[in-house]
Q: 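One structure coming up, written as structure tokens, with questions to follow.
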Amino acid sequence: MSSYLLLLIILIPLTGAFFTLSTKNDKNYSSGNIYNVSIWTMLLNTFLILYVFSLIDTSKQGIDIVEKYSWLSSPKIDLLLGVDVFSMLLLLSINLSFFIAEIFIYRKSERSKTLIASELLFVSLINGYFIAADIISFYIFFAAVSIPLIILISTYANISKKNILVRFSLYSIIGALLLMVATIMIFIHKENNIPLNMAGNVNMVGALEYFVWLSIFFAFISRLPVWPFHYWISAISSSIKNPLVFLVSNLIPLMGLYGFIRFWPNTVPKTIAVYAPVFEIICVITMIFIALISLSNKDMRYKLFAYTTVYYLLYLIGVFMPTNTLKQNIGYSLFSYIIIVTILSFIISHIEEQKKKLDIYSSSGILCYMPKASKCISLFILASIGLPITPLFWNNFIIISEIFNYNLMLGIFVMLSIMIIGISFLEELYKQKDKTYATSSLIQGVDMPNHQFVICLICMTILCLSFFKPLWFVF
């Protein structure tokens with residue numbers, strides 16, 4: 001395909017980031033401009049992704065739309081951009097989520113130039129990561145995403161211990177270096193830049209094969225909350241109060257998951273793939289560990305982090321199943337999962353803000369003052385644990401069924417983790433709605449604004465429509 005549609009999906013938020021940085025420093029003047037640039041950028045990109053989605057043959061397996069660009073002449077390197085249904089689902093959910101986020105911060109003070117510019121830069125780079133169709137462009141975007149991540153987390157994460165930030169930066173750099181070395185070795189071995197779906201045809205032997213694939217493996221692990229790398233992710237996520245930054249940090253594991261989907265296990269050599277069961281066991285142990293901690297932790301934001309961790313690892317185990325049929329189900333689940341986590345992140349942030357205003361130290365009974373927020377958080381928590389009118393219900397059921405079919409004990413522990421995290425969410429929801437802790441029902445002005453409530457209802461409608469027809473928006 002000779003159009004520039006995929007390139008535009010990357011360039012539009014990048015252009016928005018540059019416009020944001022060029023805004024005047026006058027607070028009263030720049031705040032409105034920053035907001036307008038960011039919201040129109042995300043809206044335009046979301047509509048462009050929907051248009052590209054309409055051009056894809058959804059019944060076709062593999063990459064459907066491809067764009068080729070010349071980069072270097074000596075050595076000759078062409079960069080490929082390409083999308084399939086799976087990558088388009090991720091693109092749509094992420095850009096839609098950031099558009100939702102922009103609406104939620106309407107009339108908020110969370111609109112500094114650094115925050116919004118870094119957010120738009122992150123969206124641009126992660127769009128490129130999902131669109132990249134060759135090993136070199138894939139690596140470029142994988143490494144480049146670390147730049148806005150480090151800026152956002154170092155500036156807005158409120159991290160009290162500097163060693164946590166150093167460890168996060170170190171892991172990000174090491175992961176990028178490992179993937180760079182593997183990419184260079186594959187390029188030298190094939191004497192060409194190869195498409196991602198051809199990586200499995202690189203015939204290497206001996207120590208070289210092990211080194212390249214283990215480098216790829218650990219590069220993606222550096223982005224996932226898997227033991228023993230889970231600590232820095234949990235430490236950072238629990239310290240982030242800004243919902244925009246929490247949304248960004250929550251997408252870090254998605255990069256690792258997507259990397260495994262593109263490289264593993266259908267393309268990895270059998271000599272390496274035999275070690276997959278060991279990694280599955282580590283994933284399950286991490287799931288159980290994080291779920292149990294969430295049960296005893298009273299912080300709703302930590303419970304949300306624990307939920308995202310358990311579900312990311314559920315999808316990762318699904319990726320390692322000896323079948324390629326689950327990829328589409330994982331894509332449908334991730335579409336709804338990202339939207340659900342976005343909404344919950346902002347509702348929880350709103351509740352935390354009102355706790356400070358009301359000088360309340362406990363969340364118990366606080367939803368009695370917030371009828372609209374109470375309805376929304378109830379709906380989305382039920383959706384997060386598998387409300388039978390959202391895509392998570394059917395697709396997670398299929399993924400878990402396949403895990404049970406593959407290994408009974410593995411399936412039992414995965415199901416146990418999901419049950420614990422569901423109980424943890426419902427327990428906290430009950431406490432927040434408990435009327436016995438509500439001292440007064442006459443407190444005014446603490447509920448969700450009307451525009452946020454409407455957005456929550458629209459998002460729930462989108463999830464319901466996706467339950468009956470996952471690609472209902474494709475005509």
Q: Output yes when a side-chain donor or acceptor of Ser384 lies under 3.5 Å from a complementary backbone atom of Ile381, and no otherwise.
A: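 Side chain of Ser384 to backbone of Ile381, a donor-acceptor pair under 3.5 Å: yes, one is there.
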Q: Would Arg223 and Phe142 count as a cation-pi pair here, with the cationic atom under 6.0 angstrom from the ring centre and within 45° of the axis?
A: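 Satisfied, under 6.0 Å and within 45°.
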Q: Within the structure provided, determine whether Thr41 and Val123 are in side-chain contact (heavy-atom separation under 4.5 Å).
A: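 The answer is no, as the side chains (C-beta and beyond) never meet within the 4.5 Å cut-off.
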Q: Which heavy atom of Ala132 sits nearest to which heavy atom of Leu196, and what is that distance?
A: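 Here Ala132 and Leu196 meet closest at O-CD1, 3.5 Å.
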Q: Any chance you could measure Leu247, atom CG, to Thr342, atom OG1, to the nearest 0.5 Å?
A: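 With rounding to 0.5 Å, CG (Leu247) is 4.5 Å from OG1 (Thr342).
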Q: Strictly distance-based, threshold 3.5 Å: is any side-chain N or O of Ser466 a donor or acceptor partner for the main-chain N or O of Ile462?
A: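 Yes, Ser466 side chain to Ile462 backbone: donor-acceptor pair under 3.5 Å.
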Q: State, without any angle test, whether Ser87 and Asp84 hold a side-chain donor-acceptor pair at a distance under 3.5 Å.
A: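 Note: Ser87 and Asp84 side chains meet the donor-acceptor criterion.
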Q: Rounded to the nearest 0.5 Å, how far apart are CD1 of Ile100 and CD1 of Ile343?
A: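 Separation between the atoms: 5.0 Å.
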Q: Could you check whether any side-chain heavy atom of Tyr311 comes within less than 4.5 Å of a side-chain heavy atom of Ile421, counting everything from C-beta outward?
A: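 Contact flag for Tyr311/Ile421 side chains = yes.
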Q: Does a side-chain heavy-atom distance below 4.5 Å link Ile216 with Trp213?
A: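 Of all side-chain heavy-atom pairs linking Trp213 with Ile216, at least one is under 4.5 Å.
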Q: If we ignore hydrogens and angles and just use 3.5 Å, is the side chain of Glu67 paired with the main-chain N or O of Leu5 as donor and acceptor?
A: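 Judged by distance alone, yes, a pair lies under 3.5 Å.
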Q: Do you know the tightest heavy-atom contact between Ser333 and Ile399?
A: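 Between these two residues, the closest heavy atoms are OG-CD1, 4.3 Å.
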Q: Hey, are the side chains of Ile131 and Leu7 touching, using non-hydrogen atoms and a 4.5 Å cut-off?
A: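 No, their side chains stay 4.5 Å or more apart.
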Q: Does any N or O in the side chain of Ser93 come within less than 3.5 Å of the main-chain N or O of Leu89, such that one atom is a donor and the other an acceptor?
A: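 Pair found, side chain donor or acceptor close to backbone of Leu89.
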Q: To the nearest 0.5 Å, what is the distance between CG on Leu244 and OG on Ser249?
A: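 Separation between the atoms: 11.0 Å.
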Q: Give a yes/no verdict on a cation-pi contact between Arg262 and Phe138, requiring under 6.0 Å between NZ or CZ and the six-membered ring centre and an angle within 45° of the axis.
A: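 Geometry flag: not set, cation outside 6.0 Å or 45°.
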Q: Measuring centre to centre across the rings, with the benzene-like ring taken for any Trp, is Phe260 within less than 6.0 Å of Phe217?
A: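 Between Phe217 and Phe260, which both carry aromatic rings, the centre distance is below 6.0 Å.
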Q: Within the 4.5 Å heavy-atom criterion, are Leu304 and Phe425 side-chain neighbours or not?
A: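 Leu304 vs Phe425: side chains touch.
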Q: Could you give the distance from CG (Leu316) to CD1 (Ile261), rounded to the nearest 0.5 Å?
A: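 It is 8.5 Å, given to the nearest 0.5 Å.
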Q: My understanding is that only one of Ile105, Leu121, Val37 makes a side-chain contact (heavy atoms from CB on, under 4.5 Å) with Ile116; could you say which?
A: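 Considering Ile105, Leu121, Val37, a side-chain contact (heavy atoms from CB on, under 4.5 Å) with Ile116 is found only for Ile105.
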Q: Any chance you could lay out the side chain to side chain contact (heavy atoms under 4.5 Å, CB included) test for Phe289 and Ile293, step after step, and finish with the verdict?
A: CA-CA 6 Å; Phe289 178 73; Ile293 292 178; 3.4 Å; yes
Q: Would you please classify the geometry between the Tyr337 ring and the Tyr312 ring as parallel, tilted or perpendicular, with 30° and 60° separating the classes?
A: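 Answer is perpendicular, since the angle exceeds 60°.
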Q: Kindly assign one of parallel, tilted or perpendicular to the pair Phe467 and Trp394, based on the angle between their ring planes and the thresholds 30° and 60°.
A: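 The rings of Phe467 and Trp394 lie parallel, inter-plane angle below 30°.
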Q: Taking the side chain as every heavy atom from C-beta outward, state whether Tyr69 and Ser137 have any pair of such atoms under 4.5 Å apart.
A: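 SC-SC contact between Tyr69 and Ser137 ruled out.
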Q: Within a strict 4.5 Å, meaning less than it, do heavy atoms of the Leu80 and Ile63 side chains meet?
A: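 No - every pair of side-chain heavy atoms lies 4.5 Å or more apart.
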Q: Check the side chains of Tyr332 and Asn396 for a donor-acceptor pair under 3.5 angstrom, ignoring hydrogens and angles.
A: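 Judged by distance alone, the side chains do not pair up.
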Q: Between Phe413 and Met287, is any pair of side-chain heavy atoms under 4.5 Å apart?
A: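 Side chain of Phe413 against side chain of Met287, heavy atoms only: no contact under 4.5 Å found.
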Q: Describe, in one word, how the ring planes of Phe473 and Phe53 are oriented to each other, choosing from parallel (under 30°), tilted (30 to 60°) and perpendicular (over 60°).
A: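 Rings of Phe473 and Phe53: perpendicular, as their planes differ by over 60°.
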Q: Does Asn192 reach the main-chain N or O of Ile194 with its side chain, forming a donor-acceptor pair under 3.5 Å?
A: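 Answer holds: no.
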Q: Which residue is it: Phe218, Phe220, Phe211? I am looking for the one with a side-chain contact (heavy atoms from CB on, under 4.5 Å) to Leu178.
A: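 For Leu178, the side-chain contact (heavy atoms from CB on, under 4.5 Å) check succeeds only for Phe218.
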Q: Side chain to side chain contact (heavy atoms under 4.5 Å, CB included) between Phe86 and Ile330: does it pass, once the steps are laid out?
A: CA-CA 8 Å; Phe86 181 83; Ile330 293 172; 4.2 Å; yes
Q: Rounded to the nearest 0.5 Å, how far apart are CG of Leu6 and OH of Tyr4?
A: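 Going from the CG atom of Leu6 to the OH atom of Tyr4 covers 12.5 Å.
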Q: Please give me the minimum heavy-atom distance between Glu102 and Ser38, naming the atom from each residue.
A: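 So the minimum-distance heavy-atom pair works out to OE1-OG, 3.0 Å.
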Q: Going by the rule side-chain hydrogen bond (donor to acceptor under 3.5 Å, both in side chains), which residues pair with Asn95 if we only count those two or more places apart in sequence or in a different chain?
A: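 With neighbours one apart ignored, the set is Asn45, Asn127.
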Q: Kindly compute the distance separating CG (Leu81) from CZ (Phe130), expressed to the nearest 0.5 Å.
A: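 So the CG of Leu81 and the CZ of Phe130 are separated by 14.5 Å.
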